[in-house]
Amino acid sequence: MKGPFPVDKLKNIDTPFYYYDTDVLKKTLKIVKEETKKYGFVQHYAVKANANKKILELIATEGFGADCVSGNEVKAAVNAGFPASKIVFAGVGKTDAEINLALDLNIFCFNVESLPELEAINELASKKGKTAQVALRINPNVDAHTHAYITTGLSENKFGFGLSQLDTVVGVVATQKNIKLIGIHLHIGSQIEDVKTFVPLCEKVNELQTYFEGKGVKLEHINLGGGLGIDYQEPDKTPIPDFQGYFKVFKENLKLRDGQIAHFELGRSIVGQCGSLITKVTYVKEGETKKFVIVDAGMTDLIRPALYQAYHKVENISSDQKEATYDVVGPICESSDVFVKDYKLNETKRGDLIALRSAGAYGEIMASHYNCREIPKAYLSDKI
Ligand code: LLP
């Protein structure tokens, strides 16, 4: 055992693979459940972060809803046991087939992102003699202070309705007979480390409430999206993110009306810390100026470092030797296939096991076949 890893068991499994610590996940879910219950908030797990069937089943068992962004995510959620009545469906490009699927399943709510989408949902619902519940996704133009690729709530981003478009949208909604407007939806971005960043979001929602009341529109549901960050630097120090602080910000700053329900769509903060990518050292290569640890996982297994310059803590879980400095790289034919540079690891040799930490969110699910590679397998700690 080194850190949280049962190395003796892991070394018998073909690498690379994702390893999920169910203890960490269960503890995380327990806290999210307690905190949301405290304030009467509703949590929909953002399936996009990790759609591993066993992980989804564990989360569904705890009674959470699901936030989906494709028809296949809706199917995955339902197959894993999430009731359709707790599914919200977002995304700027829902196809007719996806809308029909969601209508047939009677999902809780469509988070609508444009007028043509609103009209399409109305038309398809009308053909089925149904009424679709919708929330308007509003782009609040609030800066999430995170990586540009995972900022979603600025006017320049493609998501949701702009504030200046709301008059028109409210007018159109009133003409759509097979639509029921039940709320609004906002999401400002992901990996937000300072919970105070959510205060301006709450303030914007408070202004929007006044606006909608002025228009005579009753909002029953306010969906605040996701975005709480995790500690990529020290996963063992902070295995569970600050959910207390996060939900408290909303409790203290949102002016909810009587009977109104606040919904959340956390993804990364729920599954991020329970997962690690386990990989084996294929070679240790002496370069002219540095040493390279070449592992059998690459950017096809975990793309975050290459795509967002993201940091994942790297550990040699087979070695207790003194530290040396290495670049840890994958085998893919791209110079961006580097996990960390000039990094201190316990002295490393061919065959050692390396853990890339905090990889439970946006890891396995973003894997690709590039270079004709296989998608990594995944194992849960209580099943190996
Ligand atoms: N709700 C909406 C509307 C979203 O767009 C997202 C994430 C979430 C909820 C969940 O956000 P979370 O709680 O996980 O931060 N692949 C990137 C992250 C992309 C996030 C996209 N939207 C990464 O690896 O960092």
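Order of listing sets the numbers, starting from 1, for every ligand and every atom in it. Below, all heavy atoms of this structure are taken into account, side chains as well, without hydrogens, waters or symmetry copies. Along the sequence shown, residues carry numbers from 1.
- Remark: Lys94 qualifies as a cation-pi partner of Phe89 under the 6.0 Å distance and 45° angle criteria applied to the six-membered ring.
- With ligand atoms numbered from 1 in the order given, ligand 1 contributes 10 (C) to contacts under 4.0 Å with heavy atoms of Ala46.
- Residue contacts with ligand 1 for Glu265 involve both N, CA, C or O and side-chain atoms from C-beta outward (heavy atoms, distance under 4.0 Å).
- With ligand atoms numbered from 1 in the order given, ligand 1 contributes 13 (O) to contacts under 4.0 Å with heavy atoms of Leu266.
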Without placing hydrogens or testing angles, list every side-chain donor-acceptor pair under 3.5 Å for residues 221-232, not counting sequence neighbours.
residue : atom : partner : partner atom : Å
His221  : ND1  : His263  : NE2          : 2.8
Asn223  : OD1  : Gly225  : N            : 2.9
Asn223  : ND2  : Glu265  : OE2          : 2.8
Asp231  : OD1  : Gln233  : N            : 3.1
Asp231  : OD1  : Glu234  : N            : 3.0
Asp231  : OD2  : Thr238  : OG1          : 2.8
Tyr232  : OH   : Arg268  : NH1          : 2.8
Tyr232  : OH   : Arg304  : NH1          : 3.4

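- Of the N or O atoms in Arg268, one or more lie within a sub-3.5 Å distance of an N or O in ligand 1.
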- Task: List the steps, then state whether salt bridge (Lys or Arg N to Asp or Glu O under 4.0 Å) holds for Glu220 with Lys180.
- Result: CA-CA 11 Å; Glu220 295 162 52; Lys180 182 176 180 221; 3.5 Å; yes
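- Those atoms of ligand 1 that come under 4.0 Å of a heavy atom in Met366, given as number and element, are 16 (N).
- Taking the six-membered ring for Trp, Phe250 and Phe264 have ring centres closer than 6.0 Å.
- Surrounding CG of Asn12 are more than 12 heavy atoms belonging to other residues, nucleotides or ligands, all under 6.0 Å away.
- Only side-chain heavy atoms of Asp67 come within less than 4.0 Å of ligand 1; its backbone N, CA, C and O stay farther off.
- A ring pair (Phe, Tyr, Trp, His ring centres under 6.0 Å) with Tyr379 is found for one member of Phe17, Tyr18, Tyr20 and no other, namely Phe17.
- Checked by distance only, ligand 1 and His185 stay at 3.5 Å or farther apart across all their nitrogen or oxygen atoms.
- Aromatic ring pairs are classed by plane angle as parallel below 30°, tilted from 30° to 60° and perpendicular above 60°; the pair Phe41 and Tyr39 is tilted.
- Counting atoms of ligand 1 from 1 in the listed order, those under 4.0 Å from a heavy atom of Gly226 are 9 (C), 13 (O).
- For the residue pair Asp352 and Asn316, a side-chain donor N or O sits within less than 3.5 Å of a side-chain acceptor on the partner.
- Here Arg304 has side-chain heavy atoms under 4.0 Å from ligand 1, and that is the only part of it that gets that close.
- Listed by number with element, the atoms of ligand 1 under 4.0 Å from a non-hydrogen atom of Gly267 are 12 (P), 13 (O), 14 (O).
- Of the N or O atoms in Ala49, none lie within a sub-3.5 Å distance of an N or O in ligand 1.
- Around atom NZ of Lys344, no more than 12 heavy atoms belonging to other residues, nucleotides or ligands sit under 6.0 Å away.
- At least one heavy atom of Gly227 sits less than 4.0 Å from an atom of ligand 1.
- No part of Phe159 comes within 4.0 Å of ligand 1, judged by heavy-atom distances.
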